[in-house]
Amino acid sequence: MPSDVPKLLRVLNGERIDPPPIWIMRQAGRYLPEYRELRTRAKSFLDFCYSPSLATEAVMQPLRRFPLDAAILFSDILVVPDALGRKVWFVEGEGPRLEPLIGEESWRFDDPAKAVQRLAPVYETVERIKGQLDDGVALIGFCGGPWTVATYMLQGEGGDKDRARLAAYLRYGDVDALLATLVETSALHLQAQVKAGADCVQIFESWSQDLTKPLFDRLIIKPTAALVARLRQLGVTAPIIGFPRGSGAQLGRYAHETGVTGLGVDYQTPAAFAREHAPAGMPLQGNLDPQLLVAGGKFLEQGVQHVLEAFKNGPHIFNLGHGITPQATPENVAELVRLVKGA
Ligand code: CP3
């Protein structure tokens, strides 16, 4: 690949680059004082997500501070249920809330193609960001994994996933139909992001833990493989990073059977385990402990060295093993980027 191609895309094409490109999961957000200020300009978090000017500004904030190799669209995985006609709201300090599907007798959702039309402001945001990025900085689009989004829709909140898992048994056909709706909507949503200028996409499957093998196959692998296949059928050739957080011993099957281009590795999974179980040469992304951006100092330094060392035998994108926390300090993030870039 020509060397003016963003480093992130070169690694996703199978190249090993030293030092590796770096971006930070949830790099725009509350650990930045300028984000907290910006956030006060919208009434609700969803209003913020649907404002192309505010969302674009949120994306640019971390890039002004740190020489990161990628920008990620500012939005949320829960715009998809919102667009499908389910009520979604965010409770300050607690997290997202939805009307739970569990308890409702019949489940009806709007048509995926119509749902995606409602997300037009998100695609306008992608276009605006693309217009502002330097050439070497890749733009990442995203969606939630079908099961992760379904879990929020079923329970109406995060937390203990037991009720969602029970529904996967007791409302077998309904849950499969919900996943099929999410696969189609997410495919159209990602296609529109790529059309608007995203260079690659990430599927955040934040809740792939605590599943038996048969459930992991049915709720994670099958819908993700269907999503990847549908995207390819729609003509989307952009690389796809899958991040099945907490998948543990099932990580290798996810990497082999879903068709994703690159694999996000959570912080409790050893790099050597991911390398051993993923297809040979698959680009891996991860996996610094986000708490090290709170702890800082020698802990951060040792943590960064460990991650660099552990992943250096193949294509690697430096990242956290889960999202940055509001308690992280911008100074520690600056130090992280310095340490990775060897400056
Ligand atoms: O820089 C970025 O990555 C920002 C874009 C982004 C957000 N959410 C903004 C956000 C992305 C990629 C997400 C993904 C997301 N959203 C996931 C997958 C990643 C993960 O962390 O596992 C999930 C599970 C969600 C659902 C969600 N949205 C939760 C659980 C919360 C509350 C968490 C919290 O920290 O309060 C949100 C709200 C949210 N999404 C915030 C941001 C910046 C904080 C709300 C605010 O700023 O008012």
Side-chain angles (χ1 to χ4, degrees), residues 22-51 54-66 68 70-82 88-98 122 125-126 129 137-153 155-161 164 186 189-190 193 198 200-209 241-247 264-267 285-287 290 293-294 319-328 333:
I22 174 171
W23 67 281
I24 294 163
M25 224 180 290
R26 309 272 299 258
Q27 64 195 26
R30 286 168 297 180
Y31 74 102
L32 290 176
E34 61 270 33
Y35 171 82
R36 295 196 297 269
E37 195 283 316
L38 191 70
R39 176 67 187 79
T40 62
R41 298 194 211 167
K43 258 213 300 277
S44 73
F45 180 65
L46 276 182
D47 287 344
F48 188 100
C49 290
Y50 293 141
S51 159
L54 294 177
T56 302
E57 176 58 19
V59 171
M60 299 312 291
Q61 287 179 338
L63 297 172
R64 286 189 202 114
R65 280 187 184 250
F66 319 114
L68 296 161
I72 178 161
L73 164 68
F74 193 93
S75 179
D76 198 84
I77 65 169
L78 299 176
V79 299
V80 165
D82 183 53
V88 179
W89 66 102
F90 289 80
V91 181
E92 210 57 56
E94 287 183 34
R97 292 287 181 277
L98 294 85
V122 176
T125 304
V126 174
I129 303 162
V137 179
L139 176 52
I140 305 169
F142 73 91
C143 70
W147 174 244
T148 296
V149 176
T151 309
Y152 278 103
M153 295 174 76
Q155 301 193 157
E157 60 185 3
D160 192 338
K161 322 295 184 298
S186 305
H189 184 43
L190 292 180
Q193 293 176 44
C200 60
V201 295
Q202 174 153 321
I203 302 171
F204 285 92
E205 193 76 91
S206 301
W207 290 355
S208 32
Q209 68 270 44
I241 304 167
F243 177 49
R245 182 167 77 95
S247 54
V265 181
D266 57 36
Y267 58 83
Q285 174 175 281
N287 76 344
L293 292 176
V294 185
N319 206 316
L320 309 184
H322 194 209
I324 190 169
T325 66
Q327 294 76 32
V333 175

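Computation of the quantities below employed the complete heavy-atom set of this structure, encompassing side-chain atoms and omitting hydrogens, waters and symmetry-equivalent molecules. As the structure lists them, so they are numbered: ligands from 1, and atoms in each ligand from 1.
Among all protein heavy atoms, the one lying closest to atom 10 (C) of ligand 1 is F45 CZ, 3.3 Å. Scanning the protein for heavy atoms near atom 1 (O) of ligand 1, the closest one is A28 N, 2.9 Å. Here the heavy atom of the protein found nearest to atom 15 (C) of ligand 1 is I77 CG2, 3.8 Å. Protein heavy atom in closest approach to atom 30 (C) of ligand 1: Y152 OH, 3.1 Å.
Of the listed residues (R30, R36, E34), just one forms a side chain to side chain contact (heavy atoms under 4.5 Å, CB included) with L32, and that residue is E34.
Neither the backbone nor the side chain of V59 comes within contact range of ligand 1; no heavy atom lies under 4.0 Å. Residue contacts with ligand 1 for S75 involve N, CA, C or O but no side-chain atom from C-beta outward (heavy atoms, distance under 4.0 Å). Contacts with ligand 1 closer than 4.0 Å are made by no heavy atom of W207, backbone or side chain.
Taking both residues in full, the closest heavy atoms of L68 and V137 are given as O-CG2, 3.9 Å, listed atom of the first, atom of the second, then distance. The shortest heavy-atom contact between V149 and P81 is CG1-CD, 3.6 Å. For the pair F243 and G321, the tightest heavy-atom approach, listed with the atom from each and the gap, is CZ-O, 3.4 Å.
Between the CG atom of D76 and the CG atom of L46 there is a distance of 7.5 Å, given to the nearest 0.5 Å. Between the CE atom of M25 and the CG atom of L320 there is a distance of 6.5 Å, given to the nearest 0.5 Å. Between atom CZ of residue R245 and atom CG of residue D266 there is a gap of 7.5 Å, rounded to the nearest 0.5 Å. Separation of atoms CG (D47) and CZ (F90) is listed at 11.5 Å; rounding is to 0.5 Å. Remark: T148 OG1 to F204 CZ distance equals 10.5 Å, nearest 0.5 Å.
Residue T148 has no N or O atom closer than 3.5 Å to an N or O atom of ligand 1.
Of the listed residues (V149, I140, D76), the one carrying the non-hydrogen atom nearest atom 16 (N) of ligand 1 is D76. For atom 41 (C) of ligand 1, the nearest non-hydrogen atom from the set R36, R26, R245 comes from R26. Between the choices P96, G29, A58, the shortest heavy-atom distance to atom 31 (C) of ligand 1 belongs to P96. Of the candidates Y35, F48, W23, the one placing a heavy atom closest to atom 46 (C) of ligand 1 is Y35. Nearest-heavy-atom check against atom 48 (O) of ligand 1 across R39, R30, E205 picks out R39.
Remark: ligand 1 atoms within the under-4.0 Å shell around heavy atoms of F90 are 28 (N), 37 (C), 38 (C). Atom numbering of ligand 1 starts at 1 in the shown order; those under 4.0 Å from a heavy atom of F74 are 4 (C), 9 (C), 43 (C). Within ligand 1, the atoms closer than 4.0 Å to a non-hydrogen atom of S206 are 18 (C), 19 (C), 20 (C), 22 (O), 24 (C), numbered from 1 in the order shown. Atom numbering of ligand 1 starts at 1 in the shown order; those under 4.0 Å from a heavy atom of L73 are 5 (C).
Note: F74 and Y35 meet the aromatic proximity criterion, with ring centroids under 6.0 Å apart.
Residue contact check for ligand 1: G323 places no non-hydrogen atom closer than 4.0 Å to it. Under a 4.0 Å heavy-atom criterion, H322 is in contact with ligand 1.
Judged by distance alone, with hydrogens and angles left aside, the side-chain atoms of E57 form no donor-acceptor pair with the main-chain N or O of M60 at under 3.5 Å. Of the possible polar contacts, one joining the T40 side chain to the E37 backbone as a donor-acceptor pair under 3.5 Å is found.
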